[in-house]
Amino acid sequence: MAAEEKLYLYPLWLRVWHGINALGIITLIVTGISMQYASDQFSILRFDVAVNLHNVAGITVSVFYLLFFLGNLFTNNKKFYRIKSKGFGERLMKQARYYTYGMFKGETCPFPVSEKRKFNPLQKYSYVVVMYVFVPVIIVTGIALLFPELIIDEVYSLSGVMLTAVFHGIAGFLVFIFLLIHLYVASIGKSPKDNFKGIITGWHSKA
Ligand code: HEM
């Protein structure tokens with residue numbers, strides 16, 4: 001039997017960031033939902049517990065975001081996040097067709113993982129949007145909500161704090177949706193467990 005082919009795709013700093021970020025974001029989602037829907041009759045967590053946990057998880061995710069940002073600035077990992085405009089839509093459609101049709105017909109993946117290509121186009125675009133737009137919006141608005149005296153009082157007669165909270169909530173909701181899709185897509189590998197093992201050990205098993 002041929003030896004299993006494995007690629008070392010996830011260096012230690014990335015795995016540390018990813019693990020802490022995943023736990024932090026899940027804590028933020030649970031505590032965020034708990035605060036949003038807290039009432040006299042029902043709440044998932046006691047309100048003050050949810051607020052404290054949310055603050056601690058938010059600060060942790062923000063500090064570790066620096067590790068992701070600097071890691072992607074100064075190591076080779078940045079090359080996987082570069083988007084080329086030529087053929088952008090075409091690549092996107094090819095991968096979308098594979099996920100919605102080809103995969104179920106047993107076709108081979110149009111963008112197989114290799115040392116040079118860690119992500120397929122859909123993965124790459126979603127990671128770029130989540131990590132360089134949604135997460136930064138959550139961090140900036142979250143810091144502003146921790147120090148509301150920094151927020152402009154009114155924008156077109158709307159409360160600045162209210163608008164900041166709305167942006168914070170929308171970006172949080174979008175990351176929640178991303179996480180659900182991310183978990184599903186990550187289960188599409190050589191076997192459903194393999195990609196999850198990879199982000200813990202660093203080694204990706206080629207399908
Ligand atoms: C329980 C929660 C999570 C699990 C089990 C998980 C699982 C995985 C797996 C298996 C991979 C490697 C395969 C792949 O690239 O698809 C991965 C990569 C990645 N995940 Fe997650 N993830 C979780 C949460 C998150 C969250 C909350 C974010 C961002 C907000 C995130 C962002 C990323 C990014 C950017 C990568 C690519 C890292 C790189 O190689 O440069 N993940 N995740």
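Order of listing sets the numbers, starting from 1, for every ligand and every atom in it.
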So, [X] versus [Y], ring centres under 6.0 angstrom or not?
{"X": "Tyr125", "Y": "Phe88", "answer": "yes"}
{"X": "Phe119", "Y": "Tyr81", "answer": "yes"}
{"X": "Phe134", "Y": "Phe178", "answer": "no"}

Counting only heavy atoms closer than 4.0 Å, does ligand 1 sit against the backbone of [X], its side chain, both, or neither?
{"X": "Asn72", "value": "neither"}
{"X": "Phe119", "value": "side chain"}
{"X": "Val185", "value": "neither"}
{"X": "His182", "value": "side chain"}
{"X": "Ile26", "value": "side chain"}
{"X": "Phe196", "value": "both"}

What atoms of ligand 1 come within less than 4.0 Å of a heavy atom belonging to [X]?
{"X": "Gln123", "answer": "14 (C), 15 (O), 16 (O)"}
{"X": "Phe178", "answer": "28 (C), 29 (C), 31 (C)"}
{"X": "Ala186", "answer": "10 (C)"}
{"X": "Met131", "answer": "29 (C), 35 (C)"}
{"X": "Asn21", "answer": "26 (C), 27 (C), 28 (C), 29 (C), 30 (C)"}
{"X": "Asn195", "answer": "10 (C)"}
{"X": "Asn77", "answer": "41 (O)"}

(request) Using atom types as modelled and distance alone, determine if a side-chain donor or acceptor of Lys206 lies under 3.5 Å from a backbone N or O of Ser114. (result)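 The answer is no, because no donor-acceptor pair under 3.5 Å joins these two groups.
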
(message) Determine whether a donor-acceptor pair (N or O, by modelled atom type, separation under 3.5 Å) exists between the side chain of Arg91 and the backbone of Lys86.
(response)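 Between the backbone of Lys86 and the side chain of Arg91 there is a qualifying donor-acceptor contact (under 3.5 Å).
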
(request) Nearest heavy atom to atom 21 (Fe) of ligand 1 wins, so pick from Arg15, Lys124, His18, Lys118. (result)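 Considering heavy atoms of Arg15, Lys124, His18, Lys118, the nearest to atom 21 (Fe) of ligand 1 sits in His18.
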
(message) Please compare Ala22, Gly19, Ser187 and report which has the shortest non-hydrogen distance to atom 2 (C) of ligand 1.
(response)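 Among Ala22, Gly19, Ser187, the closest heavy atom to atom 2 (C) of ligand 1 comes from Ala22.
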
(message) Parallel, tilted or perpendicular: which one describes the rings of Trp203 and Tyr8, with boundaries at 30° and 60°?
(response)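 Rings of Trp203 and Tyr8: tilted, as their planes differ by 30° to 60°.
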
(request) Specify whether His54 and His168 have parallel, tilted or perpendicular ring planes, treating 30° as the upper limit for parallel and 60° as the lower limit for perpendicular. (result)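 Plane angle over 60°, so perpendicular.
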
(request) Would you please test Phe68 and Tyr132 for side chain to side chain contact (heavy atoms under 4.5 Å, CB included) and show each step? (result) CA-CA 10 Å; Phe68 172 84; Tyr132 291 104; 3.6 Å; yes

Quick test: of every protein heavy atom, which one is nearest to [atom], and how far off is it to 0.1 Å?
{"atom": "atom 15 (O) of ligand 1", "answer": "Tyr127 OH, 2.9 Å"}
{"atom": "atom 3 (C) of ligand 1", "answer": "Leu183 CD2, 3.7 Å"}
{"atom": "atom 24 (C) of ligand 1", "answer": "Leu179 CD1, 3.4 Å"}
{"atom": "atom 13 (C) of ligand 1", "answer": "Tyr10 OH, 3.4 Å"}

(request) Could you go through the side chain to side chain contact (heavy atoms under 4.5 Å, CB included) check for Glu107 and Arg97 one step at a time? (result) CA-CA 11 Å; Glu107 289 177 15; Arg97 184 196 167 278; 2.9 Å; yes

(request) Starting at CD of Glu5, measure out to OG of Ser205 and round the result to the nearest 0.5 Å. (result)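 Between atom CD of Glu5 and atom OG of Ser205 there are 10.5 Å.
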
(message) Any atom of ligand 1 sitting under 4.0 Å from a heavy atom of Phe80?
(response)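 No, Phe80 has no heavy atoms under 4.0 Å from ligand 1.
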
(request) Please confirm whether Tyr81 comes under 4.0 Å of ligand 1, counting heavy atoms of the residue only. (result)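 Under 4.0 Å: yes for Tyr81.
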
(request) Please test Thr60 against Thr27 for side chain to side chain contact (heavy atoms under 4.5 Å, CB included), starting from the C-alpha separation and ending with a verdict. (result) CA-CA 11 Å; Thr60 310; Thr27 308; over 6 Å; no

(message) Which heavy atom of Leu14 sits nearest to which heavy atom of Lys118, and what is that distance?
(response)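 Reported closest heavy-atom pair: CD2-NZ, 3.6 Å.
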
(request) Check whether the side chains of Tyr98 and Asn120 place a donor and an acceptor atom closer than 3.5 Å, and report yes or no. (result)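 Judged by distance alone, the side chains do not pair up.
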
